[in-house]
Amino acid sequence: MEIREEIKKSIEDALKKIKVKKYPEILLERPKEREHGDFSTNIAFSLTKELKKPPQEIAKRLVKRLEVCPKIIEKVEEAKGFINFFLTEELLFENLIQILKREKNYGRSEIGKGERIQIEMVSVNPTGPLHVGHGRGAAFADTLANILEVMGYQVEREYYINDIGTQMENLGKSLRVRYLELLGEKVQFPEHGYQGEYLIEMARRLKDREGDKHRKEKIEFFIQYASSDIIEGIRKDLKDFGIRIDTWKRESDFHKEGKVKEVLKNLKKKGYLYEREGALWFRSSQFGDEKDRVIKKKDGSLTYLASDIAYHEDKFKRNFDHLIDIWGADHHGYVERIRAAVSALGYSKETLDIILYQLVKLSRSGKPVAMSTRRGEFVTLREVMDEIGKDTSRFFFCMRASNSQLDFDLELAKKESPENPVYYVEYAHARISSIFKKAKEKKTPKDPDKSGPTGQVKRKKIQEIDLKLLHTPEEKSILRLLLLFPDVVASCARSYQVHSIPNYLMELASEFHSFYNKHRVLSEEENLIQARLALVEGVRIVLYNGLKLLGIEAPEKM
RNA sequence: GCGCCUGUAGCUCAGUCUGGAUAGAGCAUCGGAUUUCUAAUCCGACGGUCGCAGGUUCGAAUCCUGCCGGGCGCGCCA
């Protein structure tokens, strides 16, 4: 990152020298072709209009005036109007040393400056177990949170529980019916009831434990029983899926504490509420929403919007620097009304970002798996975890951009074959660990420092290792890729995306496997062994750090 | 009907924000590689009118408009 800044600055200096004052932001991209260098800029193209010269000419003039630090840049060239920069070996070696020194901290940065970010994640209604789609949201949110933490933000992960309202009523009614059915009564199933198998099982557990003593119990009992049972299940699912939740907020608390009433009063005072057709409306259309929204129904009960507004106001009052809501795409109709509410309450829209993730299309060996929440037919996160495993599932969930649908083939994910990218990355890590194990065995008692695992590489004083011995194309490729890792993480943090991490790891694993096939680490030549051990240790550290961001274990052997 | 997301190789997708070099991977298919650190690996080949049509531009997968296909949502359900 410092390197990019350094190059940018030198370009700016050169621009000044040729007396160009106005220019767009200088973009450094990573060229597709190796011959085009490590970084390149198209700045000359953007100046053609102003200077009325062809890009080649502008680029040539710039190159002539460019003064770059020779420790970083070995060569600068003009090619078809582009300016290409080639990094020095020295820099690549220095970076490897940094990786070995910083280990788990390689890739970290202080860009976040300790700013506080609150992430609202998962927040599924406790009316049933988490399903695959929620798993994607959870894996995505958790990974993004990890990335932001590594970038120096203080992240608070929060789950908001809608534990009251119509849906809870329906849940309670449904459980009651299932319970009474088990006691042999014939009862009409509620119209909007939850038909899932899990409620029948829940009823059975209740009956097995406590018999028929709840036969005459009021609906509140069943709501209470069902929701706490489900919430416990959700907590356990998330925990086993490696998702950390720092704070659990309950909708009912906002009511109890009078915060919902308070926020309504506030909105009313500002003139953003009005009555029509017996209901109370929020004037959200005034803030960019398509239409106004009901906030209190004709029957006097409040909609979820009311408490959601109170919840968001509560977030603002807790003084976070940024707020991020991560929702399933099926909630996108909700985005504008929440943003409207934020504006209406007088808070900055910029502080709140709402990220939507698209749904998961589940299949098995290419055949789609039908899902319907209404009929209670869905594949739960628990089932996926049991069948596929936490790590593989998390990798798949984070592999695709969040705003495109995710195809998830259960059979493919389960396969331990080349079709499955997860093993490919893990295998690279395991192979490296295995090299170190071997190296340790080779160690002779007379000369314990000659070769060995990480500890030995470090003890031997990294500076003494002759990294210049790493000169093959495969080794160079790896060194260049390692240099990119901090950039990849930073770019994820900027764009609130995570899929570049798995993609990067696959690329790094691929470069490593190529190297491994062509060259031997534990060769005859002691200095070369040391240099290569340092190199693969660098790869191992980066693979480890990347997998860690995804919440995945890095296996020592497979 | 309206709104959001999406359409790139046989399949799954990067690349689109910030327009640039012959459009990249993986899988599948075909052909090869291991007496040596894990073959869950490697090397090579094949494969694309970037949904379609216009427009802007020296230059468009990328920006604009229209159309077509897929997903999701659409006033007192969440």
Original post:
According to the Watson-Crick and G-U wobble definition with distances under 3.5 Å, which dot-bracket string, read 5' to 3', encodes RNA chain B, using [ ] for crossing pairs and | for pairs with another strand?
Top reply: (((((((..((((......[...)))).(((((.......))))).....(((((..]....))))))))))))....
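Out of G3(B), C43(B), C76(B), the shortest distance to the side chain of Ser514(A) is found at C43(B). Proximity note for Glu290(A) (side chain, C-beta onward) versus G20(B), G3(B), U22(B): the nearest is G3(B). Counting only heavy atoms from C-beta on, Trp281(A) has its side chain closest to G75(B) among G75(B), A21(B), C58(B). In this structure, of A78(B), A21(B), C37(B), it is A78(B) that holds the atom nearest to the side chain of His331(A). Here the nucleotide nearest the side chain of Asn517(A), chosen from A21(B), C42(B), C37(B), is C42(B). Picking from G20(B), A40(B), A78(B) the nucleotide with the shortest atom distance to the side chain of Asn42(A) gives G20(B). Nearest to the side-chain atoms of Pro31(A) among the listed nucleotides A78(B), A21(B), G20(B) stands A21(B). Among the nucleotides A78(B), C72(B), C37(B), the one closest to the side chain of Arg520(A) is C37(B). The side chain of Arg431(A) lies closest to A39(B), out of A21(B), A39(B), C76(B). With A78(B), C42(B), U22(B) as the candidates, the nucleotide lying closest to the side chain of Arg337(A) is A78(B).
Side-chain contact annotation: Glu251(A) with Asn162(A), donor-acceptor N/O pair under 3.5 Å present.
Across all strands shown, Ala279(A) has heavy atoms under 4.0 Å from base atoms, whether or not it also approaches the sugar-phosphate. Among the protein residues, Ser500(A) comes within range of no part of the nucleic acid, since none of its heavy atoms lies under 4.0 Å from any strand. Within 4.0 Å (heavy atoms only), Lys518(A) reaches no atom of the nucleic acid at all. Across all strands, His429(A) comes closer than 4.0 Å to no nucleic acid atom at all (heavy-atom distances). Within 4.0 Å of Tyr304(A), counting heavy atoms only, lie sugar-phosphate atoms of the nucleic acid but no base atom. Glu336(A) comes within 4.0 angstrom of nothing in the nucleic acid, heavy atoms only.
Neither OP1 nor OP2 of A33(B) sits under 4.0 Å from any side-chain N or O of Tyr516(A). Note on Thr166(A): a side-chain N or O is less than 4.0 Å away from OP1 or OP2 of A78(B).
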Original post:
Going through the distances and angles, do Arg364(A) and Asp409(A) end up as a salt bridge (Lys or Arg N to Asp or Glu O under 4.0 Å)?
Top reply: CA-CA 5 Å; Arg364(A) 196 176 277 281; Asp409(A) 193 304; over 6 Å; no
**OP:** Determine, step by step, whether Phe140(A) and Tyr357(A) satisfy the ring-ring contact (aromatic ring centres under 6.0 Å, His included) criterion, reporting the C-alpha distance in whole Å, the side-chain angles of both residues, the deciding distance to 0.1 Å, and the verdict.
**Re:** CA-CA 8 Å; Phe140(A) 170 81; Tyr357(A) 59 88; 7.1 Å; no
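Nucleotides of RNA chain B nearest to His513(A) and His332(A) differ in position, and the one nearer the 5' end is that of His332(A). For the pair Lys298(A) and Glu35(A), nearest-nucleotide mapping onto RNA chain B gives the more 5' position to Glu35(A).
A straight line from CD of Glu474(A) to C1' of U41(B) spans 14 Å, rounded to a whole angstrom. At whole-Å resolution of the value, CD in Glu511(A) and C1' in A25(B) are 12 Å apart. The interatomic distance linking Leu359(A) (CG) with U6(B) (C1') rounds to 12 Å, in whole Å. The NE2 atom of His36(A) sits 11 Å away from the P atom of G24(B) (whole-angstrom rounding). Atom CG of Leu535(A) and atom P of C37(B) are 19 Å apart (whole Å). Spacing between atom CZ of Arg276(A) and atom C1' of G75(B) amounts to 8 Å, rounded to whole angstrom units. Atom C1' of nucleotide U18(B) and atom CZ of Arg494(A) are separated by 11 Å, given to the nearest angstrom. Atom CG of Leu27(A) and atom C1' of U16(B) are 14 Å apart (whole Å).
Ser393(A) places no side-chain N or O within 3.5 Å of a backbone atom of Asp391(A) that could act as its donor or acceptor partner. With hydrogens and angles disregarded, a donor-acceptor distance shorter than 3.5 Å links the side chain of Thr48(A) to the backbone of Phe45(A).
For the side chain to side chain contact (heavy atoms under 4.5 Å, CB included) test, residues two or more places apart in sequence or in another chain that qualify with Glu57(A) are Lys53(A), Pro54(A). In terms of the side chain to side chain contact (heavy atoms under 4.5 Å, CB included) criterion, residue partners of Phe515(A) (sequence neighbours excluded) are, by chain and number, Glu474(A), Glu475(A), Ile478(A), Phe512(A), His519(A), Val521(A), Arg532(A), Leu535(A), Val536(A). In this structure Glu158(A) satisfies the side chain to side chain contact (heavy atoms under 4.5 Å, CB included) test together with Gln118(A), Glu156(A), Thr247(A), Lys249(A), Tyr311(A), Arg318(A), sequence neighbours excluded.
Annotation: A60(B) and G69(B) have their C1' atoms spaced 23 Å apart (nearest Å). Taking the P atom of each, A25(B) and G44(B) are spaced 10 Å apart, rounded to whole Å. To the nearest whole angstrom, the two P atoms, one in C11(B) and one in U49(B), are 13 Å apart. Rounded to a whole angstrom, the distance from the C1' atom of G32(B) to that of G24(B) is 24 Å. For the P atoms, the distance linking G10(B) with C52(B) amounts to 13 Å, nearest Å. When the C1' atom is compared between C27(B) and U41(B), the two are found 16 Å apart, to the nearest whole Å. The same atom, P, is picked in U18(B) and in G55(B); the two are 24 Å apart, to the nearest Å. Taking the C1' atoms as reference points, G15(B) lies 36 Å from A78(B), given to the whole Å.
Glu120(A) places a side-chain heavy atom less than 4.5 Å from the side chain of Lys315(A). No side-chain heavy atom of Asp325(A) sits less than 4.5 Å from a side-chain heavy atom of Ile355(A).
Taking the 5.5 Å centre cut-off and the 30° plane limit, the aromatic side chain of Tyr334(A) is not classed as stacked on A78(B).
By the 6.0 Å and 45° rule, Arg30(A) does not stack over the aromatic ring of Phe39(A).
A donor N or O paired with an acceptor N or O is found under 3.5 Å between the base of A21(B) and the side-chain atoms of Asn84(A).
Among residues at least two apart or in separate chains, side chain to side chain donor-acceptor pair (under 3.5 Å) pairs with a member in residues 331-343 of chain A are Asp308(A)-Tyr334(A).
A salt bridge is defined here as a Lys NZ or Arg NE, NH1 or NH2 lying under 4.0 Å from an Asp or Glu carboxylate O, and Arg540(A) with Glu556(A) fails to meet this definition.
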**OP:** List the protein contact pattern of nucleotides 9-14 of chain B with one symbol per nucleotide (5' to 3'): B for base contact, S for sugar-phosphate-only contact, - for none; contact means a heavy-atom distance under 4.0 Å.
**Re:** ---BSS
